[in-house]
Amino acid sequence: MGAVNSLAGLKAEYVWHQEDSLSEYDAIILPGGFSYGDYLRCGAIARFSPIMSAVIKEAAAGKLVIGICNGFQILCEAGLLPGALVRNRSLRFVCEMVTVRVEVAASAFTRGCATGSLLRIPVAHGEGCYFADEETLRDLNGHQQVILRYADAHGKIVSSANPNGSVENIAGICNREGNVFGLMPHPDRACDTRLGSGDGATIFRSMAETLETLRAAAA
Amino acid sequence: MKVKVLVTPKAAVLDPQGAAVRDAMQHLGMPEVESVRIGKYLEIEVGAGSADVESRLHGLCRDLLSNPVIEDYEIQPTNL
């Protein structure tokens with residue numbers, strides 16, 4: 001929340017998971033964490049929290065929804081995004097700065113980036129290995145839904161740059177409609193160069209620009 | 001009554017835990033072990049006289065106890 005509040009013009013508030021309405025907000029962020037201790041599967045129980053019915057409702061209405069880390073896992077469990085996140089191939093918790101390549105700049109969440117540009121954003125997860133079957137992958141690739149992939153410092157998509165074994169180095173995807181985005185890296189932890197990188201702020205600023213555009217179009 | 005549910009990773013899903021255990025078994029005197037897959041086993045106690053237990057349980061197996069994207073489930077035949 002602090003990360004978003006540190007950005008000019010943006011204001012974030014926490015919403016308790018027992019609440020059941022999100023109608024007053026322009027966008028919804030499902031942050032990282034280990035909701036319900038990741039019991040059963042990561043995100044499996046959280047997706048039944050009362051607030052999730054509001055998330056599903058607002059997502060269906062076209063509101064911007066971003067799920068970060070555990071938030072991404074919850075969005076997959078809730079069926080708002082395809083695929084699933086499973087145990088890292090290394091079986092180790094990874095906590096490090098990674099490089100991701102922006103595959104699609106024409107998205108509501110990356111419009112401030114150029115396609116092919118590189119963002120340095122940290123990851124911190126034990127179950128961040130993205131899995132989807134071949135048909136789903138074809139769909140994701142065919143509809144420009146793979147937004148971010150793990151890349152090396154030169155922007156090459158190589159297995160050595162993949163921190164968790166994700167299929168096709170996928171780090172972040174959106175739904176077909178483009179308003180729901182999930183990613184394992186933490187842009188919220190890369191909003192200030194004093195913390196090692198300010199690249200994550202681009203994601204939140206892109207969302208803000210998208211909202212401005214939508215507002216201008218509606219006015 | 002007791003209901004037993006088995007949840008297993010689908011064949012296409014990587015199971016690094018299973019691979020680690022397979023390697024350990026091979027090192028510990030069973031080189032013939034070819035593969036290990038690790039799933040979950042749930043023992044569920046259900047009050048007597050409940051209606052539609054089986055169909056409701058299948059619903060929750062799909063929605064909660066397993067994730068059909070990565071796992072299969074099986075309700076073991078008991079006295080349902």
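Per chain, numbering begins at 1; letters A, B, ... match sequence-line order.
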For B:Gly39 and B:Pro9 the tightest heavy-atom approach is CA-CD, 4.0 Å
Counting heavy-atom pairs closer than 4.5 Å to chain B, which one of A:Gly83, A:Cys129, A:Ser90 comes out on top?
A:Gly83
Taking the six-membered ring for Trp, are A:Phe109 and A:Phe181 parallel (under 30°), tilted (30 to 60°) or perpendicular (over 60°)?
tilted
Quick one: of B:Val7, B:Leu64, B:Asp15, who has the most non-hydrogen atom pairs under 4.5 Å with chain A?
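Heavy-atom pair counts peak at B:Leu64.
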Shorter than 4.5 Å, heavy atoms on both sides: which option in B:Asn67, B:Val69, B:Ile70 has the most such pairs with chain A?
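Looking at each of B:Asn67, B:Val69, B:Ile70 in turn, B:Asn67 comes out on top.
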B:Tyr73 and B:Glu71: side-chain donor and acceptor closer than 3.5 Å?
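No pair is found: no donor N or O on one side chain lies under 3.5 Å from an acceptor on the other.
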Identify whether the distance between the nearest side-chain nitrogen and carboxylate oxygen of B:Lys10 and A:Asp133 falls below 4.0 Å.
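No.
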